*Asks:* 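The structure that follows is given in the form of structure tokens.
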Number of protein chains: 2
Amino acid sequence: MDMRPLKHFLALADTLHFGRASELCHVSPSTLSRTIRQLEQNLEVPLFERDNRHVALTPQGLIFQDYAKDALAQWELLRHTLSRDADELAGEISIYCSVTASYSFLYDLLSDFRLRHPRIELKLHTGDPAESMARVLDGEEDMAITPRPRSVPGPLAFKSLTRSPLVFIAPAVQAGWIPGTPESPSDTQWQNVPMILSEAGLSREYSDTWFKALGITPRIYAQVAGHEAIVSMVGLGFGVGVVPKIVLDNSPLVERVRVLPVKPELPHYDVGLCVLNRRLKSPLIQALWDEVVER
Amino acid sequence: MDMRPLKHFLALADTLHFGRASELCHVSPSTLSRTIRQLEQNLEVPLFERDNRHVALTPQGLIFQDYAKDALAQWELLRHTLSRDADELAGEISIYCSVTASYSFLYDLLSDFRLRHPRIELKLHTGDPAESMARVLDGEEDMAITPRPRSVPGPLAFKSLTRSPLVFIAPAVQAGWIPGTPESPSDTQWQNVPMILSEAGLSREYSDTWFKALGITPRIYAQVAGHEAIVSMVGLGFGVGVVPKIVLDNSPLVERVRVLPVKPELPHYDVGLCVLNRRLKSPLIQALWDEVVER
DNA sequence: TGCCGACATTGCGTAAAACGCTATATTTGC
DNA sequence: GCAAATATAGCGTTTTACGCAATGTCGGCA
């Protein structure tokens with residue numbers, strides 16, 4: 001935006017003298033004269049009454065003077081606002097994660113980040129990790145805390161934050177169907193166990209693979225969205241579930257459940273930050289990304 | 001003021017697509033791209049995060065979007081305001097006149113003018129007509145109602161509005177010093193008459209000339225600024241005054257004074273509108289001038 | 001009254017910039 | 001891996017902006 005016409009106008013309105021005003025603006029008198037003429041043609045009203053000897057503001061010029069002062073002030077204010085924002089990163093980052101992530105390591109990460117970039121607002125959306133990839137790919141969220149999938153989609157970048165074993169959990173109270181010897185699984189031992197599994201997502205895939213590898217057909221009692229809900233249901237005694245251990249560690253129901261020491265163990269759950277590759281160029285995203293990389 | 005950068009920015013911010021935005025703005029995509037880049041360089045902050053495939057507003061872009069909408073709205077508002085003012089004359093005209101003028105013919109003139117140009121504000125300043133010329137010449141007033149001087153100064157235009165005889169007035173009540181036979185003036189008759197005259201101005205000049213022509217040296221009791229004050233003092237019985245008859249006609253004290261039928265009569269007082277020639281180009285001034293000419 | 005100086009404006013030649021077309025590089029979706 | 005999409009850089013042309021010098025006009029002053 002070229003604000004010179006406004007500045008030139010104001011200089012002339014102040015001095016009422018083309019020569020002096022043009023000096024103030026560091027342009028030739030002819031340039032100033034043409035600038036004013038352009039303004040007048042643009043607005044289709046005369047701003048100055050003038051002859052070869054006198055210059056005076058018209059009533060419209062008086063109105064325009066108010067406008068010009070205002071517009072210039074707003075422009076300068078904008079520049080200051082923006083330049084302050086340029087020095088210090090500011091804006092908004094939306095992060096999708098599970099409740100557990102928001103309670104555990106993510107909390108520390110974001111605390112540090114917030115101290116370093118107080119003017120970046122973080123919007124935390126919690127939900128089922130199974131959806132996290134899709135949400136990031138669709139651009140609904142800037143980032144997500146998500147388990148590393150078997151293969152990371154091309155447009156996505158993934159940075160591991162923590163690992164956590166997937167574990168079988170059973171109610172802390174006794175129940176007839178809880179496998180007595182989880183170290184040596186067998187179809188008979190598992191066929192009557194009511195399983196509480198994720199509807200979808202990596203933990204479900206790993207569970208399915210685990211059962212399939214042992215030739216076991218599990219009895220699925222409930223399919224749940226969100227690991228935290230699995231803990232709840234298991235704690236209530238509805239069955240046996242599979243969750244990352246970190247979910248357990250951050251659950252208020254940890255006393256109500258116990259880990260079944262099954263063999264073979266389930267794979268580890270690699271939890272990390274996930275973001276569109278191209279969005280890494282954004283200074284805000286990059287700042288958070290770098291914070292993670294430092295760890 | 002070229003507002004296109006703002007329009008282009010807003011189009012891009014809406015569509016987030018250079019191709020479509022450039023169509024909306026009737027420019028080529030490369031032009032739009034350069035316009036945005038210029039804005040960003042000017043403000044020294046990025047407004048869009050973009051690669052070859054995606055466009056997104058930065059936090060600063062969001063701020064600028066608010067600014068741009070606002071600035072454009074104000075600009076349009078200004079244009080409307082000014083164009084309305086262009087159709088209908090608006091502004092301010094200052095007029096200097098005597099109290100009498102403001103009470104008499106000027107009132108009618110301005111009433112009509114106000115109906116025709118309701119958006120022109122008139123600022124009436126009253127004072128001694130003797131000063132009127134100087135005030136107009138100095139640019140302190142746009143116009144003045146003033147007696148036509150013996151010779152009108154070059155830079156001034158004068159348009160006669162009305163004529164009024166200069167008259168001698170005496171108190172209505174009897175007083176020993178009031179000339180008994182004003183039709184035949186003589187030094188003896190006048191030498192003891194306390195005269196109440198203008199400090200300056202045409203009426204004073206004419207009075208002086210009248211006395212001089214008759215070889216009379218008047219006894220000046222008081223020199224007053226403003227004809228109305230002369231009527232007051234005469235009405236109070238302090239002496240004999242010289243005022244334009246029109247002042248008398250508009251005075252509440254008209255019953256307290258009477259006109260002396262002196263011979264020879266004083267010249268007529270030619271009262272009219274006076275304005276700087278060069279200011280006649282101003283549409284406002286011209287409108288009022290034309291109104292006078294029509295009469 | 002006539003001349004001089006001040007000053008806004010215009011003509012003109014040059015410099016700069018703006019514009020559109022085309023080409024290019026990169027990315028996405030199939 | 002290929003083809004479509006798309007923001008952008010290069011380039012030649014057109015438009016615009018700028019300053020200098022000239023012009024015309026208005027006040028002031030002798």
Side-chain angles (χ1 to χ4, degrees), chain A residues 1-5 7-9 11-13 15-42 46-58 61 134 136-139 153-157 276-282, chain B residues 1-5 7-9 11-13 15-42 46-58 61 136-139 151 153-157 276-282:
Chain A
M1 284 298 294
D2 187 4
M3 291 286 146
R4 282 179 304 171
K7 295 207 180 95
H8 291 185
F9 169 86
L12 183 59
T15 61
L16 295 178
H17 189 291
F18 276 82
R20 276 187 281 282
S22 66
E23 276 181 44
L24 290 175
C25 299
H26 312 293
V27 294
S28 71
S30 56
T31 297
L32 179 63
S33 176
R34 275 187 278 253
T35 305
I36 300 298
R37 179 181 303 284
Q38 259 181 343
L39 269 178
E40 291 178 322
Q41 284 175 351
N42 198 333
L47 298 174
F48 292 97
E49 296 281 344
R50 52 194 186 277
D51 53 28
N52 296 345
R53 200 77 184 160
H54 303 85
V55 179
L57 274 171
T58 60
V136 172
L137 281 167
D138 290 355
L156 287 182
L276 279 171
N277 259 315
R278 60 181 173 83
R279 299 234 53 201
L280 277 178
K281 294 171 201 155
S282 163
Chain B
M1 285 296 295
D2 187 4
M3 290 287 150
R4 282 178 305 172
K7 295 207 181 97
H8 291 185
F9 169 86
L12 183 59
T15 61
L16 295 178
H17 189 290
F18 276 81
R20 275 186 279 282
S22 66
E23 277 181 43
L24 289 176
C25 300
H26 310 292
V27 294
S28 71
S30 57
T31 297
L32 179 63
S33 177
R34 276 187 280 251
T35 305
I36 300 297
R37 178 177 302 283
Q38 260 181 343
L39 269 177
E40 291 178 321
Q41 284 176 350
N42 199 332
L47 298 174
F48 292 97
E49 297 281 345
R50 51 196 186 276
D51 53 29
N52 296 346
R53 201 79 184 158
H54 303 83
V55 179
L57 274 171
T58 61
V136 172
L137 281 167
D138 290 355
S151 72
L156 286 183
L276 278 171
N277 260 314
R278 59 181 177 82
R279 299 234 54 201
L280 277 179
K281 294 173 201 154
S282 165

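Predicted, not measured: the structure shown is a model, and the values here were computed from it. We name chains A, B, ... by the order of the sequence lines, and we start the count at 1 in each one.
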*Asks:* Within the structure provided, determine whether A:L16 and A:L12 are in side-chain contact (heavy-atom separation under 4.5 Å).
*Replies:* no
*Asks:* Could you check whether any side-chain heavy atom of B:L39 comes within less than 4.5 Å of a side-chain heavy atom of B:L47, counting everything from C-beta outward?
*Replies:* yes
*Asks:* What integer distance in Å separates A:N277:CG from C:dT28:C1'?
*Replies:* 13 Å
*Asks:* Specify the closest pair of heavy atoms between B:C25 and B:A11, including all atoms of both residues, with the distance to one decimal.
*Replies:*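 Where B:C25 meets B:A11 most closely, the heavy atoms are SG-CB, 3.6 Å.
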*Asks:* Please tabulate the protein-to-nucleotide N/O contacts below 3.5 Å involving nucleotides 22-26 of chain C, giving atom names and distances.
*Replies:*
residue: C:dT26; atom: O4'; partner: B:N52; partner atom: ND2; Å: 2.7

*Asks:* In whole angstrom, give the distance that lies between atom CZ of B:R4 and atom P of C:dA17.
*Replies:* 15 Å
*Asks:* For A:R34, report the nucleic acid contact type (base, sugar-phosphate, nothing); a contact means any heavy atom under 4.0 Å.
*Replies:* base
*Asks:* Hey, does B:H8 have a side-chain heavy atom less than 4.5 Å from the side chain of B:V27?
*Replies:* yes
*Asks:* Just how far, in rounded Å, is P of C:dT27 from CZ of B:R50?
*Replies:* 16 Å
*Asks:* At the 4.0 Å heavy-atom cut-off to chain B, mark where contacts on DNA chain D begin and end, going 5' to 3'.
*Replies:*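 Footprint of chain B along DNA chain D, 5' to 3': D:dA5 to D:dG27.
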*Asks:* Considering only heavy atoms from C-beta outward, does the side chain of A:M3 approach that of B:M1 to under 4.5 Å?
*Replies:*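 Of all side-chain heavy-atom pairs linking B:M1 with A:M3, at least one is under 4.5 Å.
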*Asks:* Flag the pair B:D2 and B:R4 as a salt bridge only when some basic side-chain nitrogen lies within less than 4.0 angstrom of an acidic carboxylate oxygen.
*Replies:*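 Salt bridge present between B:D2 and B:R4.
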*Asks:* Establish, with yes or no, whether the OP1 or OP2 oxygen of C:dA8 is under 4.0 angstrom from a side-chain nitrogen or oxygen of A:S33.
*Replies:* no
*Asks:* Report the end-to-end axis angle of the helix from C:dT1-D:dA30 to C:dC30-D:dG1; each axis comes from five terminal pairs, and the value is rounded to 10°.
*Replies:*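 Answer for the end axes of this duplex: 30°.
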*Asks:* Rounded to whole angstroms, how far apart are CD on A:E23 and C1' on C:dA6?
*Replies:* 14 Å
*Asks:* Calculate the interatomic distance between A:D138 atom CG and C:dG29 atom P; express it in whole Å.
*Replies:*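 About 10 Å, once rounded to whole Å.
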*Asks:* Output all residues satisfying side chain to side chain contact (heavy atoms under 4.5 Å, CB included) with A:S33, sequence neighbours left out; order by chain, then residue number.
*Replies:*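 Partners of A:S33 by the side chain to side chain contact (heavy atoms under 4.5 Å, CB included) criterion, ordered by chain and then number, come out as A:F18.
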*Asks:* Listed by chain and number, what are the side chain to side chain contact (heavy atoms under 4.5 Å, CB included) partners of B:P155, not counting sequence neighbours?
*Replies:* B:L137, B:P153, B:L276
*Asks:* Is there a donor-acceptor pair under 3.5 Å between the side chain of A:T58 and the backbone N or O of A:P46?
*Replies:*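 Checking the backbone N and O of A:P46 against the side chain of A:T58, a donor-acceptor pair under 3.5 Å is found.
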*Asks:* Using a strict cut-off of less than 4.0 Å between a Lys/Arg side-chain nitrogen and an Asp/Glu carboxylate oxygen, indicate whether A:R34 and A:E40 qualify as a salt bridge.
*Replies:* no
*Asks:* Starting from the 5' end of DNA chain D, give me the residue, B:H17 or A:P29, whose nearest nucleotide shows up first.
*Replies:* B:H17
*Asks:* Using whole Å, report how far CD1 of B:I36 lies from C1' of C:dC19.
*Replies:* 16 Å
*Asks:* Tell me which of A:T31 and B:P155 sits closer to the 5' end of DNA chain D, going by the nucleotide each one is nearest to.
*Replies:* A:T31
*Asks:* Given atom NE2 of B:H54 and atom C1' of C:dT28, what is their separation to the nearest angstrom?
*Replies:* 7 Å
*Asks:* Could you tell me whether the side chain of B:D51 reaches within less than 4.5 Å of the side chain of A:K281, counting heavy atoms only?
*Replies:* yes
*Asks:* Identify whether any heavy atom of B:R20 sits under 4.0 Å from a base atom; if not, whether one sits that close to sugar-phosphate; answer base, sugar-phosphate or nothing.
*Replies:* nothing
*Asks:* Taking atom P of C:dT9 as reference, at what distance in whole Å does atom CD of A:E49 sit?
*Replies:*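 Whole-Å distance recorded here is 12 Å.
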*Asks:* Can you sort out the partners of B:F48 under ring pair (Phe, Tyr, Trp, His ring centres under 6.0 Å), two or more places apart, ordered by chain and number?
*Replies:* B:F9
